[in-house]
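Here is the structure we will look at, set down as structure tokens.
Start at 1 and go down the list; that is how both ligands and their atoms are numbered. Position 1 is the first residue of the sequence; numbering continues from there.
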Amino acid sequence: MSDDILERVVPWPADLAHAYRAAGCWRGRPLGSYLWDWARRRPDRVAIVDGEVRLTYRELAEHADGLAAGLAASGLGRGDTVLVQLPNQWEFVVVTLACFRLGVAPVMMLPPHREHELASIGAHVRAKALIVPDTLKGYDHQDLAERVAATLPGPVRVLVVGDEVRAGNVDVRGLIKQSGDPEARRLWLDEHAPSASDVAVFLLSGGTTGVPKVIGRTHDDYEYNIRRCAAACGFDPDTVYLTVLPAGHNFPLANPGILGALHAGGRAVLLPSPRPEPVFEAIEEEGVTVTSAVPAVVLKWMEAAAASTRDLRTLRHVHVGGSVLAPEVAARIGPALGCRVQQVYGMAEGLVCYTAPDAADEEAHGTQGRPISPFDELLLVDPDGEPVAPGEVGELLTRGPYTPRGYFGVPEVNRQTFTPDGWFRTGDLVRVTPAGNVVVCGRVKDLINRGGEKISAAEVETLAQELPAVAEAAAVAMPDPALGERVCLFARLHEGHTLTLEELCATLTARGLAAFKLPERLVVLDAFPHTAVGKADKKVLRTMV
Ligand code: OOB
């Protein structure tokens, strides 16, 4: 890894790194080295499905090696970083694996990102290239990438996936299909493999305000994350995982997601969006056994499932996470979709918790499960940083073998976000049940401060979502001259329903919500603004208040 990157990555303390290796968490193998293990074990099994394209494990490995060699020939190498902004298509997987092979770290941008995010993150990681589609949803990403590349210290290459590659840019499909001796290429890539302690991938933090922070995940830590998630979810060679969230997000990428399905010898099916009917069709046609989604997406599926004639019987589990899932909604998922729900509480920064695949309803509906590793450390603290009593709510601090010790290249932010002894402050308020399951109760940073009284937005949202009329809800602070802030609730309603502020407050009061937490304004929206991964976009909602 180049010195430049090394000095901006915060390593684990040497004694812990040693302990994680000794315990078998870190295997000392770069992620790209697994590719040919998978291919040798099941060369002719289908690994990736994207519409008409079905790639076997052998084809996947050959394509990734072809592209890795092509990237090397165009001047990229170990320690370089590239911004990857691709939708859910087979080339995304090939690009990711090619980067792993070569030791080039992809920075997982999301398709809705524009100049602001690409240019600032590109400058921050000193990107050497951008990999984009030609166009997507009518938007010219090639043009976007050219404009961003021009702002970065060059030379910065623009690599394009699509039919309309402009002169001066690199055709990714051309590189994938290049000729040459696959065996010689494989040996060359094996010989030039990165170190397992190098950064394999940069993920963006899930914060919904400001430009996202960047998290460097090493080959060692990410492989462990993938392996443990796959084990926690019972992934095996019969797993058919359906990808509907943007593939560059940690959740569908590696929890266990696409990489978990491949590591377990299963199959990943890619869809460009979570729209219900294509999702139901893919489940029926491909025999999908598991998928993952944020609550807002699952709600849409539940609304649509009743009217669908598709056979969803192969679907065994849906992983739901990313934002608060109300227990009442969780309880309705099984009956509506004919599968079990596994809740996931995870973050790009590391820590991942799952409810067990066969958990009793109480755990599956009312908790976000347990950490995937016995080496995950959880500490719940009060606002003074003191540990709270067992069962009490506190801010979750965490450390562990796949939770890095700092964001990339921002020592000032790291001093705020990580304690001197390496705990990551999640900003999430949680409690732990006597059985050891985490329950997310809100966010430290997502509080509405009404005249000094703190109101957890998540608490209000969870209750509001239980109303029969409400399909989706988000509480945000509304500036107030007297109190500082008051609660404004944005809601999308189920078709044919109406809701007034009086009705909402009467119900919330009947559910036992303290009067000071009641929304003082209700805004009903036909369409809800979402972040790239489908969470309510509070940044947009705040501007609407
Ligand atoms: C996932 O990752 P990020 O990085 O986009 O967001 C992390 C944050 C958490 O700190 C928490 O505030 C929230 O999203 N969150 C949840 C949750 N899962 C995540 N809040 C309530 N209930 C849950 N189940 O969102 C992510 C990454 C990997 C797997 C799953 C989700």
So, is Val344 polar-close to ligand 1, with some N/O to N/O distance under 3.5 Å? yes
Would you say Gly322 and ligand 1 have an N/O pair spaced under 3.5 Å apart? yes
Ligand 1-proximal atoms of Ser323, by part, heavy-atom distance under 4.0 Å: backbone
Report the part of Gln343 in contact with ligand 1, treating N, CA, C, O as backbone and CB onward as side chain, heavy atoms under 4.0 Å; options are side chain, backbone, both, neither. neither
Please compare Met347, Lys535, His249 and report which has the shortest non-hydrogen distance to atom 14 (O) of ligand 1. Lys535
Polar contacts were defined as any N/O atom of the residue lying under 3.5 Å from an N/O atom of the ligand; does this apply to Gly321 and ligand 1? no
Show which side-chain atoms of residues 269-276 pair as donor or acceptor with protein atoms under 3.5 Å away, not counting sequence neighbours.
| residue | atom | partner | partner atom | Å |
| --- | --- | --- | --- | --- |
| Ser273 | OG | Arg275 | N | 3.2 |

Just checking, Arg29 and Tyr34: is the charged tip under 6.0 Å from the six-membered ring centre and within 45° of the axis? yes
Looking at Glu412 and Arg415, does any basic side-chain N land under 4.0 Å from a carboxylate oxygen? yes
Tell me whether Glu349 is salt-bridged to Arg425, with the criterion being a basic N under 4.0 Å from an acidic carboxylate O. no
Closest heavy-atom contact between Glu223 and His263? OE2-NE2, 2.7 Å
So, do Leu97 and Trp38 sit near enough that their side-chain heavy atoms are less than 4.5 Å apart? yes
Please tabulate, for the side chains in residues 370-392, all donor-acceptor contacts under 3.5 angstrom to protein atoms that are two or more places apart in sequence or on a different chain.
| residue | atom | partner | partner atom | Å |
| --- | --- | --- | --- | --- |
| Arg370 | NH1 | Ala435 | O | 3.2 |
| Arg370 | NH2 | Ala435 | O | 3.0 |
| Ser373 | OG | Tyr224 | OH | 2.8 |
| Ser373 | OG | Phe375 | N | 2.8 |
| Asp376 | OD1 | Tyr402 | OH | 3.3 |
| Asp376 | OD2 | Ser373 | N | 3.2 |
| Asp376 | OD2 | Tyr402 | OH | 2.7 |
| Glu377 | OE1 | Arg399 | NH2 | 2.9 |
| Glu377 | OE2 | Arg399 | NE | 3.3 |
| Asp382 | OD1 | Asp384 | N | 2.8 |
| Asp382 | OD1 | Gly385 | N | 3.1 |
| Asp382 | OD1 | Glu386 | N | 2.9 |

Is ligand 1 less than 4.0 angstrom away from at least one heavy atom of His319? no
For Asn255, counting its heavy atoms only, list the atoms of ligand 1 lying under 4.0 Å from any of them. 28 (C)
Nearest heavy-atom contact between Val199 and His219 is O-NE2, 4.1 Å
As an exercise, identify every atom of ligand 1 less than 4.0 angstrom from a heavy atom of Gln368. 24 (N)
Does only the side chain of Val324 get under 4.0 Å from ligand 1, or the backbone, or both, or neither? Count heavy atoms. both
Could you work out, for atom 29 (C) of ligand 1, the closest of Tyr345, Phe251, Tyr354 by heavy-atom distance? Phe251
